[in-house]
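Down below is the structure, laid out as C-alpha coordinates.
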Amino acid sequence: PMVYLGIRDWPIRKTWTGPVSHPDMPGRHWIPVFSNMEEVELFVDGKSAGTKKPNEVNLVSWNLELEAGTYYISVTGKNSSGAKSQSDALQIRIIPTGLELVSGVSLAINTGFHGEFHDAAGEIWIPDAEWQAGHYGHTDGKPLMVNKDIVFYSTRDRDPLYNYVLSGLSAYRLDVPEGTYEVELFFAEGEIFKQGQRIFDVLLNGSQFISKLDIFKEYGFARAFSRSKQVKVSGSEGILLEFNKIAGEPFVSAIKITKK
(Lines give C-alpha, C1' and ligand atoms only; values in the text may rest on other atoms or scores of the structure.)
Protein backbone atom coordinates (compact mmCIF):
# COMPACT_ATOMS: atom_id res chain seq x y z
CA PRO A 1 0.00 0.00 0.00
CA MET A 2 1.25 3.49 -0.79
CA VAL A 3 0.18 7.14 -0.95
CA TYR A 4 2.38 9.82 -2.48
CA LEU A 5 2.01 13.60 -2.96
CA GLY A 6 2.98 14.39 -6.54
CA ILE A 7 3.98 18.03 -5.97
CA ARG A 8 7.57 17.69 -4.78
CA ASP A 9 8.94 19.44 -7.86
CA TRP A 10 6.54 22.35 -7.31
CA PRO A 11 6.84 23.41 -3.64
CA ILE A 12 6.82 27.13 -4.50
CA ARG A 13 4.02 28.56 -6.62
CA LYS A 14 2.74 31.97 -7.64
CA THR A 15 -0.77 33.34 -7.39
CA TRP A 16 -1.90 36.40 -9.33
CA THR A 17 -2.89 39.58 -7.50
CA GLY A 18 -4.32 42.72 -9.00
CA PRO A 19 -7.56 44.24 -10.31
CA VAL A 20 -7.70 41.91 -13.34
CA SER A 21 -7.84 38.11 -12.94
CA HIS A 22 -5.41 35.82 -14.76
CA PRO A 23 -6.99 32.99 -16.81
CA ASP A 24 -4.15 30.56 -16.02
CA MET A 25 -3.46 31.73 -12.45
CA PRO A 26 -6.98 31.81 -10.97
CA GLY A 27 -5.93 31.23 -7.35
CA ARG A 28 -6.72 27.51 -7.46
CA HIS A 29 -3.87 25.04 -7.08
CA TRP A 30 -3.78 21.48 -8.38
CA ILE A 31 -2.63 18.91 -5.81
CA PRO A 32 -2.14 15.43 -7.36
CA VAL A 33 -1.84 12.31 -5.19
CA PHE A 34 -0.84 8.83 -6.29
CA SER A 35 -2.17 5.89 -4.29
CA ASN A 36 -3.18 2.26 -4.73
CA MET A 37 -5.41 2.40 -1.67
CA GLU A 38 -9.20 2.51 -1.74
CA GLU A 39 -9.61 6.08 -0.55
CA VAL A 40 -7.43 9.09 0.18
CA GLU A 41 -8.11 12.04 2.47
CA LEU A 42 -6.23 15.33 2.01
CA PHE A 43 -5.57 17.86 4.78
CA VAL A 44 -4.48 21.50 4.61
CA ASP A 45 -2.92 22.66 7.88
CA GLY A 46 -4.70 19.80 9.62
CA LYS A 47 -8.16 20.54 8.19
CA SER A 48 -9.74 17.98 5.87
CA ALA A 49 -10.27 18.98 2.24
CA GLY A 50 -12.29 15.84 1.57
CA THR A 51 -11.93 12.14 0.81
CA LYS A 52 -11.71 10.74 -2.73
CA LYS A 53 -11.14 7.43 -4.50
CA PRO A 54 -8.16 7.09 -6.90
CA ASN A 55 -8.93 6.38 -10.55
CA GLU A 56 -7.78 3.47 -12.71
CA VAL A 57 -4.22 4.83 -12.90
CA ASN A 58 -4.06 5.37 -9.11
CA LEU A 59 -4.40 9.15 -9.37
CA VAL A 60 -6.62 11.44 -7.34
CA SER A 61 -6.39 15.22 -7.21
CA TRP A 62 -7.75 18.33 -5.55
CA ASN A 63 -8.05 21.89 -6.87
CA LEU A 64 -7.61 24.05 -3.81
CA GLU A 65 -8.29 27.77 -3.58
CA LEU A 66 -5.30 29.01 -1.59
CA GLU A 67 -4.21 32.56 -0.95
CA ALA A 68 -0.57 33.60 -0.66
CA GLY A 69 1.10 31.94 2.30
CA THR A 70 2.70 28.71 3.52
CA TYR A 71 0.66 25.53 3.88
CA TYR A 72 1.27 22.07 5.33
CA ILE A 73 -0.31 19.53 2.97
CA SER A 74 -0.82 15.96 4.17
CA VAL A 75 -2.65 12.92 2.83
CA THR A 76 -3.76 9.63 4.33
CA GLY A 77 -4.72 6.50 2.38
CA LYS A 78 -7.01 3.81 3.81
CA ASN A 79 -8.40 0.43 2.82
CA SER A 80 -11.71 -1.02 4.03
CA SER A 81 -9.91 -4.23 5.00
CA GLY A 82 -8.57 -2.45 8.06
CA ALA A 83 -4.95 -2.63 6.96
CA LYS A 84 -2.62 0.00 8.35
CA SER A 85 -3.15 3.42 6.76
CA GLN A 86 -0.37 5.14 4.80
CA SER A 87 0.43 8.86 4.81
CA ASP A 88 2.61 11.50 3.16
CA ALA A 89 3.14 15.21 3.79
CA LEU A 90 5.07 18.29 2.69
CA GLN A 91 5.01 22.06 2.84
CA ILE A 92 4.18 24.38 -0.07
CA ARG A 93 4.58 28.14 -0.33
CA ILE A 94 2.44 30.38 -2.52
CA ILE A 95 3.89 33.75 -3.51
CA PRO A 96 1.76 36.70 -4.67
CA THR A 97 2.72 38.23 -8.02
CA GLY A 98 1.36 41.09 -10.08
CA LEU A 99 2.31 44.24 -11.96
CA GLU A 100 2.90 46.29 -8.80
CA LEU A 101 6.61 45.48 -8.54
CA VAL A 102 9.03 46.84 -5.95
CA SER A 103 12.67 47.69 -6.68
CA GLY A 104 14.73 44.63 -7.60
CA VAL A 105 11.72 42.36 -8.15
CA SER A 106 11.05 40.81 -11.57
CA LEU A 107 8.05 39.59 -13.52
CA ALA A 108 9.15 36.72 -15.79
CA ILE A 109 6.73 35.51 -18.49
CA ASN A 110 6.92 32.20 -20.34
CA THR A 111 5.50 33.56 -23.61
CA GLY A 112 3.64 31.11 -25.83
CA PHE A 113 2.94 28.71 -22.95
CA HIS A 114 0.08 28.51 -20.45
CA GLY A 115 1.92 27.03 -17.49
CA GLU A 116 4.53 27.97 -14.91
CA PHE A 117 8.19 27.06 -15.27
CA HIS A 118 10.71 27.03 -12.41
CA ASP A 119 14.31 27.46 -13.53
CA ALA A 120 17.44 26.22 -11.74
CA ALA A 121 18.06 29.65 -10.21
CA GLY A 122 14.64 29.64 -8.53
CA GLU A 123 12.97 32.11 -10.92
CA ILE A 124 9.30 31.34 -11.55
CA TRP A 125 8.21 32.08 -15.13
CA ILE A 126 4.47 32.66 -15.15
CA PRO A 127 2.01 31.71 -17.93
CA ASP A 128 1.41 33.87 -20.98
CA ALA A 129 -1.92 35.65 -21.45
CA GLU A 130 -3.97 37.68 -23.89
CA TRP A 131 -3.82 41.37 -23.04
CA GLN A 132 -6.69 43.16 -21.39
CA ALA A 133 -6.68 46.60 -19.78
CA GLY A 134 -4.89 46.62 -16.43
CA HIS A 135 -3.08 43.37 -17.19
CA TYR A 136 -0.24 42.06 -19.37
CA GLY A 137 -0.19 39.94 -22.51
CA HIS A 138 -0.09 39.73 -26.28
CA THR A 139 -2.55 41.58 -28.48
CA ASP A 140 -2.14 39.05 -31.30
CA GLY A 141 0.14 36.21 -32.36
CA LYS A 142 -0.20 32.55 -31.48
CA PRO A 143 1.60 29.97 -29.33
CA LEU A 144 3.91 27.72 -31.31
CA MET A 145 5.61 24.54 -30.12
CA VAL A 146 9.15 24.27 -31.48
CA ASN A 147 10.40 20.85 -32.64
CA LYS A 148 10.72 18.85 -29.41
CA ASP A 149 13.88 17.09 -30.65
CA ILE A 150 15.90 20.31 -30.85
CA VAL A 151 18.56 20.67 -28.18
CA PHE A 152 19.04 24.37 -27.45
CA TYR A 153 22.30 25.63 -26.00
CA SER A 154 23.39 28.67 -23.99
CA THR A 155 20.03 28.41 -22.19
CA ARG A 156 21.39 28.83 -18.64
CA ASP A 157 19.36 25.73 -17.65
CA ARG A 158 16.16 27.31 -18.95
CA ASP A 159 15.53 24.91 -21.82
CA PRO A 160 11.70 24.80 -21.42
CA LEU A 161 11.49 28.54 -22.17
CA TYR A 162 12.56 27.84 -25.74
CA ASN A 163 10.29 24.85 -26.44
CA TYR A 164 7.34 27.19 -26.97
CA VAL A 165 7.33 30.67 -28.51
CA LEU A 166 4.80 33.39 -29.20
CA SER A 167 4.87 33.67 -32.98
CA GLY A 168 3.53 36.25 -35.41
CA LEU A 169 2.89 38.89 -32.77
CA SER A 170 2.87 42.61 -33.48
CA ALA A 171 2.57 43.90 -29.91
CA TYR A 172 2.93 42.91 -26.27
CA ARG A 173 1.70 45.12 -23.43
CA LEU A 174 2.38 45.28 -19.71
CA ASP A 175 0.23 47.79 -17.85
CA VAL A 176 2.80 48.50 -15.12
CA PRO A 177 2.68 51.66 -12.99
CA GLU A 178 5.16 54.47 -13.55
CA GLY A 179 8.81 53.86 -12.76
CA THR A 180 12.01 52.63 -14.39
CA TYR A 181 12.19 49.04 -15.64
CA GLU A 182 14.75 46.76 -17.23
CA VAL A 183 13.08 44.91 -20.11
CA GLU A 184 14.73 41.68 -21.28
CA LEU A 185 13.62 39.64 -24.30
CA PHE A 186 14.70 36.03 -24.85
CA PHE A 187 15.08 34.25 -28.20
CA ALA A 188 16.42 31.06 -29.81
CA GLU A 189 15.93 30.19 -33.49
CA GLY A 190 14.30 26.77 -33.82
CA GLU A 191 12.89 26.88 -37.36
CA ILE A 192 15.01 28.91 -39.80
CA PHE A 193 18.24 27.54 -41.30
CA LYS A 194 19.09 30.44 -43.59
CA GLN A 195 19.84 34.10 -42.97
CA GLY A 196 17.41 36.66 -44.31
CA GLN A 197 14.34 34.45 -43.83
CA ARG A 198 13.32 35.99 -40.51
CA ILE A 199 14.08 39.67 -39.81
CA PHE A 200 12.19 42.04 -37.53
CA ASP A 201 12.50 45.22 -35.46
CA VAL A 202 11.42 45.66 -31.85
CA LEU A 203 10.29 49.03 -30.47
CA LEU A 204 10.00 49.77 -26.75
CA ASN A 205 7.47 52.50 -25.96
CA GLY A 206 8.01 53.93 -29.43
CA SER A 207 11.83 53.93 -29.33
CA GLN A 208 14.12 51.52 -31.15
CA PHE A 209 14.99 48.50 -29.01
CA ILE A 210 16.28 45.96 -31.56
CA SER A 211 16.96 46.86 -35.20
CA LYS A 212 16.69 44.40 -38.09
CA LEU A 213 17.17 41.30 -35.96
CA ASP A 214 18.18 38.32 -38.11
CA ILE A 215 18.59 35.64 -35.46
CA PHE A 216 20.14 32.95 -37.68
CA LYS A 217 22.65 35.41 -39.14
CA GLU A 218 23.72 36.78 -35.75
CA TYR A 219 23.41 33.75 -33.47
CA GLY A 220 22.92 30.66 -35.63
CA PHE A 221 20.47 27.82 -34.99
CA ALA A 222 19.25 26.74 -31.52
CA ARG A 223 21.43 29.20 -29.59
CA ALA A 224 19.61 31.05 -26.81
CA PHE A 225 20.31 34.72 -26.17
CA SER A 226 18.63 37.80 -24.74
CA ARG A 227 18.56 41.55 -25.34
CA SER A 228 17.74 44.10 -22.66
CA LYS A 229 17.02 47.81 -22.34
CA GLN A 230 15.84 50.20 -19.65
CA VAL A 231 12.67 52.23 -20.04
CA LYS A 232 11.12 54.97 -17.92
CA VAL A 233 7.36 54.64 -17.68
CA SER A 234 5.33 57.77 -17.01
CA GLY A 235 1.74 57.99 -15.82
CA SER A 236 -0.42 55.17 -17.13
CA GLU A 237 1.44 54.46 -20.40
CA GLY A 238 2.79 51.10 -19.23
CA ILE A 239 5.23 49.11 -21.35
CA LEU A 240 4.51 48.52 -25.03
CA LEU A 241 6.70 46.21 -27.13
CA GLU A 242 6.07 46.40 -30.87
CA PHE A 243 7.37 43.70 -33.22
CA ASN A 244 7.63 44.97 -36.79
CA LYS A 245 7.94 42.31 -39.47
CA ILE A 246 10.54 42.73 -42.24
CA ALA A 247 10.78 39.09 -43.39
CA GLY A 248 9.20 35.96 -41.93
CA GLU A 249 7.30 35.99 -38.63
CA PRO A 250 8.54 37.78 -35.49
CA PHE A 251 8.55 35.73 -32.30
CA VAL A 252 9.68 35.87 -28.67
CA SER A 253 10.54 32.99 -26.33
CA ALA A 254 10.19 34.83 -23.01
CA ILE A 255 9.90 38.32 -21.49
CA LYS A 256 11.26 39.53 -18.17
CA ILE A 257 10.85 42.95 -16.60
CA THR A 258 12.62 44.12 -13.44
CA LYS A 259 11.73 47.23 -11.44
CA LYS A 260 14.79 49.42 -10.89
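Just so you know, these numbers use all the heavy atoms, side chains as well, and skip hydrogens, waters and symmetry mates.
- Within a 6.0 Å sphere centred on NZ of Lys256, other residues, nucleotides and ligands contribute more than 12 heavy atoms.
- Using a 4.5 Å cut-off between side-chain heavy atoms of Ile, Leu, Val, Met, Phe, Trp and Tyr, with links allowed through other members, Ile255 and Trp131 fall into different hydrophobic clusters.
- In summary, of the residues considered (Val183, Leu107, Leu240, Val233), a side chain to side chain contact (heavy atoms under 4.5 Å, CB included) with Leu174 occurs for Leu107 alone.
- Residues satisfying the side chain to side chain contact (heavy atoms under 4.5 Å, CB included) test with Phe200, not counting sequence neighbours, are Phe187, Arg198, Val202, Leu213, Ile215, Phe243, Pro250.
- Side-chain contact check for Trp10 and His118: at least one donor-acceptor pair (N or O, by modelled atom type) lies under 3.5 Å.
- Heavy atoms of other residues, nucleotides or ligands lying less than 6.0 angstrom from NZ of Lys259 number more than 12.
- The neighbour count for Gln208 CD, taken as heavy atoms of other residues, nucleotides or ligands under 6.0 Å away, is above 12.
- A donor-acceptor pair is defined here as one N or O able to donate and one able to accept, closer than 3.5 Å; no such pair exists between the side chain of Asn110 and the backbone of Pro127.
- Counting non-hydrogen atoms of other residues, nucleotides and ligands closer than 6.0 Å to CD of Glu237 gives a total above 12.
- A donor and an acceptor atom, one from each side chain of Glu41 and Ser48, are located under 3.5 Å apart.
- The NZ atom of Lys78 sits 11.0 Å away from atom OG of Ser87, with the distance rounded to the nearest 0.5 Å.
- Judged by distance alone, the side chains of Tyr172 and Asp128 do bring a donor and an acceptor atom under 3.5 Å apart.
- Under 4.0 Å is where a charged nitrogen must lie from a carboxylate oxygen, and between Lys229 and Glu184 no such pair does.
- Residues satisfying the side chain to side chain contact (heavy atoms under 4.5 Å, CB included) test with Ile7, not counting sequence neighbours, are Leu5, Arg13, Ile31, Pro32, Leu90, Ile92.
- Side-chain N/O atoms of Trp30 and Ser61 include a donor and acceptor closer than 3.5 Å.
- Remark: Glu249 engages Lys245 in a salt bridge (charged side-chain N to carboxylate O under 4.0 Å, His left out) (not counting sequence neighbours).
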